[in-house]
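Worksheet: one structure, shown below.
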Amino acid sequence: MSHKADAGSQDQEWVLIGLEQKMARKQGMPFRIPVPKAEFEGLADKGLQPDVLRGWIQSFLLDSPMGKDGNWRRRNSDLITQLEGFVDKKPLWDKAQKLFAENDYVNALKTLKRITIMCADDHAARFNYANALGNQREYDKALKELKQIRETFNDDPEFHVTYAQMNVLKGDEAAATESLVRALELKPDHMPAMDALAKIGWLAKIYENPRDATSLVYVKSESVREYLEEYVWNQTERTPDYFLEQLGYHASEKRFDVAFAAAERACHGATGTVLERAVAGKIAALRDLSRTAEAIAASHAFLKEHEGSAAVWVELSGCHARAGDSKAADEAVERALKVDPGEPMALALKFWPADRENLAEVLAVLPKLQAWSDAHPTVAGAWRSLARAKLLTGADDEAFALFQKAVALAPDNDDLRSEWWSDLAKLERFEEIIADTKTLGDMTTRSWQLRWNEAEAYRGLKRMMEARGCFMQLNADETLAIDVRKRAKRAANELMAAPAAS
């Protein structure tokens, strides 16, 4: 319970206000504070300003009869220590901030520690000290400090997130999870706690709609499939294309059980290319779930009716390789290339060495790739594979000529053109990229990867206005995945202050 005591002085009267101790520790305040009686009534409206309070304390200790009374000071020595410490720690805190700004972390920590010794009941200072220790990877010391002030901050979700982060860095995920759950009990929508739980795998961070930033939700990791099926997928009639998008999104996030469920739904009612992609995704998900026998059976069942699917033959090859049957894997690759002599993965499996960094092995496969391309002169994928190999061997001009040849054979293949542009950018041949963009007309109809490469080319040429415009268009395109749009927004913001070419 708070209380007050009056003390007369020649110039003004003082009121000693008692603060609730837990609140005082959390805010780094003395348990009792002197307030001029004339300021007391307006205190509720104005609040306690630290700099004003320091001035009051100094005036009280130096000028008031009570503050100068030796007997009173002896009887209230703990309070005097708190009051003097509150005043004296300000220059130390300013010094610590200056040292941090100068990257003098050793002396900054020493200064913060002096504050915690001077004001042991200032748990705000000790919290800051613990954070600074953690930033310097002194996790044991940080946790020791946090444990000593945990009761004070037990109702503060930010404290529990900090405590959890230290435990994560120490490798104690169980203790971290317990603290983060406590943070969510205090504030169910506390984003830092949910993000931290997602990082350690307890929660999954998902977009119900990968193209809508407002659809972000956090779900217990083991319940993502059940959540989506009950609260999203079953809420309205969905098309195979919808589930194909869900398949790609969750497979990219390595949620293979969800990808499998989406693939199965995508197969219902799908035909043509959509069906082929759905089945290929289903087989890949089964393989990634270590359900290899089921994946092989599903491949054969589909290929029995659709033997012209190069993508599924490639997936079957991967399944046989996972099962340790290299002969069957090679046979599946041959079937894929019979269907499509330019299938990129099949060409890689047939011709390319496992170690693409081994120049000697890459040089050794060049004649075979050249012969394959010569035998299939109208197949863009064959020339693309040969171009990749040439590039790795340092034959840049030959490689880019081959890329151009492949692009001429498949002018609507944005993935192929994007690879060509990316490789040009690596060698800072930005003018060639911009020249090619002029042949395409409306770039907003092309893939986001191609449009991103255009933006990067403008940035490489220091044409910041054009680069920023390209990134802003990507950010505004609601057909794109939200992660792509966020990246584009960051890139546009980075360019905001960049100087344009003169």
Side-chain angles (χ1 to χ4, degrees), residues 189 191-192 194-196 198-199 203-219 228 232 238-239 241-255 258-259 262 277 407 411-426 428-502:
D189 62 346
M191 292 295 291
M194 290 190 284
D195 278 335
K199 287 178 182 177
L203 287 180
K205 179 180 178 180
I206 66 171
Y207 291 101
E208 293 178 352
N209 178 351
R211 289 176 280 111
D212 182 2
T214 65
S215 69
L216 176 65
V217 294
Y218 291 81
V219 183
L228 288 170
V232 183
R238 307 290 189 181
T239 66
D241 282 321
Y242 169 85
F243 285 111
L244 204 59
E245 182 181 53
Q246 291 283 304
L247 159 63
Y249 167 54
H250 291 289
S252 70
E253 296 292 327
K254 302 189 184 303
R255 291 189 283 267
V258 183
R277 290 171 60 195
V407 166
D412 295 327
N413 187 333
D414 282 1
D415 181 64
L416 166 60
R417 193 184 297 266
S418 179
E419 181 180 352
W420 172 36
W421 286 5
S422 294
D423 288 327
L424 284 169
K426 290 175 185 176
E428 299 185 0
R429 294 168 67 160
F430 302 118
E431 293 284 5
E432 293 174 58
I433 297 172
I434 299 304
D436 195 51
T437 68
K438 305 305 182 185
T439 69
L440 298 182
D442 183 7
M443 284 292 292
T444 62
T445 64
R446 312 301 294 226
S447 73
W448 74 264
Q449 293 94 336
L450 209 59
R451 293 154 63 190
W452 193 284
N453 284 331
E454 179 192 22
E456 292 291 0
Y458 279 124
R459 173 150 56 182
L461 292 170
K462 309 300 182 188
R463 293 166 62 176
M464 301 306 182
M465 290 288 289
E466 290 101 323
R468 190 157 56 243
C470 291
F471 283 127
M472 289 173 67
Q473 280 188 338
L474 285 164
N475 173 244
D477 190 343
E478 295 183 356
T479 67
L480 301 181
I482 188 61
D483 287 342
V484 173
R485 293 169 61 193
K486 284 182 177 179
R487 284 176 54 202
K489 184 175 182 178
R490 286 196 299 270
N493 288 339
E494 288 170 4
L495 290 170
M496 193 65 69
S502 58

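Quick caveat: nothing in here was measured; it's all calculated off a predicted structure.
From Asp415, atom CG reaches atom CD of Glu419 across 7.0 Å, with rounding to the nearest 0.5 Å. Separating the CZ atom in Phe243 from the NE2 atom in His250 is a distance of 10.5 Å, to the nearest 0.5 Å. Put simply, CZ on Arg487 and CD1 on Ile482 are 12.5 Å apart, with the number rounded to the nearest 0.5 Å. Atom NZ of Lys426 and atom CG of Leu424 lie 10.5 Å apart (nearest 0.5 Å). From Arg277, atom CZ reaches atom CG of Leu247 across 8.5 Å, with rounding to the nearest 0.5 Å. Here the CD atom belonging to Glu454 is positioned 9.0 Å from the CG atom belonging to Leu474, to the nearest 0.5 angstrom.
Between Phe471 and Trp452, the two ring planes are perpendicular [angle over 60°; tilted spans 30° to 60°].
Contact detail for Leu216 and Tyr207: the closest heavy-atom pair is CB-CE2, 3.7 Å. The minimum heavy-atom distance linking Arg468 with Ala492 is given by the pair CD-O, 3.6 Å. Summarising the geometry of Ala455 relative to Ala467, their closest heavy-atom pair is O-CB, 3.5 Å, with the distance given to 0.1 Å. The minimum heavy-atom distance between Phe430 and Gly460, with the atom names listed, is CE1-CA, 3.6 Å. Nearest heavy atoms, Glu253 versus Asp483: OE2-OD2, 4.5 Å. Minimum heavy-atom separation, Tyr458 to Lys438: OH-NZ, 3.5 Å.
Trp448 and Asp477 are not linked by any side-chain donor-acceptor pair at a separation below 3.5 angstrom, with hydrogens and angles left out of the test.
Within the 4.5 Å cutoff, the side chain of Asp195 has heavy atoms near those of the Tyr218 side chain. Lys205 places none of its side-chain heavy atoms less than 4.5 Å from the side chain of Met194. Looking at Leu461 and Ile434, their side chains come closer than 4.5 Å, going by heavy atoms from C-beta outward. Contact annotation: the side chain of Leu416 approaches that of Val407 to within less than 4.5 Å [non-hydrogen atoms, C-beta and beyond]. The side-chain heavy atoms of Ile433 and Trp420, taken from C-beta on, include no pair separated by under 4.5 Å. Looking at Cys470 and Glu456, their side chains never come closer than 4.5 Å, going by heavy atoms from C-beta outward. Side-chain contact between Arg417 and Asp436 is present, with at least one heavy-atom pair separated by less than 4.5 Å.
More than 12 non-hydrogen atoms from other residues, nucleotides or ligands lie less than 6.0 angstrom from CZ of Arg255. Heavy atoms from other residues, nucleotides or ligands lying under 6.0 Å from NZ of Lys199 number 12 at most. For Met443, the CE atom counts as densely surrounded, since its 6.0 Å shell holds more than 12 non-hydrogen atoms of other residues, nucleotides or ligands.
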Next item on the list: Apply side chain to side chain contact (heavy atoms under 4.5 Å, CB included) to the pair Arg459 and Glu494, showing each step before the final yes or no.
Entry: CA-CA 11 Å; Arg459 173 150 56 182; Glu494 288 170 4; 3.7 Å; yes
Next item on the list: Carefully, step by step, assess Leu228 and Ile206 under the rule side chain to side chain contact (heavy atoms under 4.5 Å, CB included).
Entry: CA-CA 10 Å; Leu228 288 170; Ile206 66 171; 4.0 Å; yes
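Using a 4.0 Å cut-off between charged side-chain N and carboxylate O, Glu245 and Arg211 make a salt bridge. Ion pairing between a basic and an acidic side chain is recognised when a charged N comes within 4.0 Å of a carboxylate O; Arg429 and Glu432 show such pairing.
Here the side chain of Glu478 pairs no donor or acceptor atom with the backbone of Asp212 at under 3.5 angstrom.
Checking each of Thr437, Asn453, Asp414 against Arg446 for a side-chain hydrogen bond (donor to acceptor under 3.5 Å, both in side chains) leaves exactly one that passes, namely Asp414.
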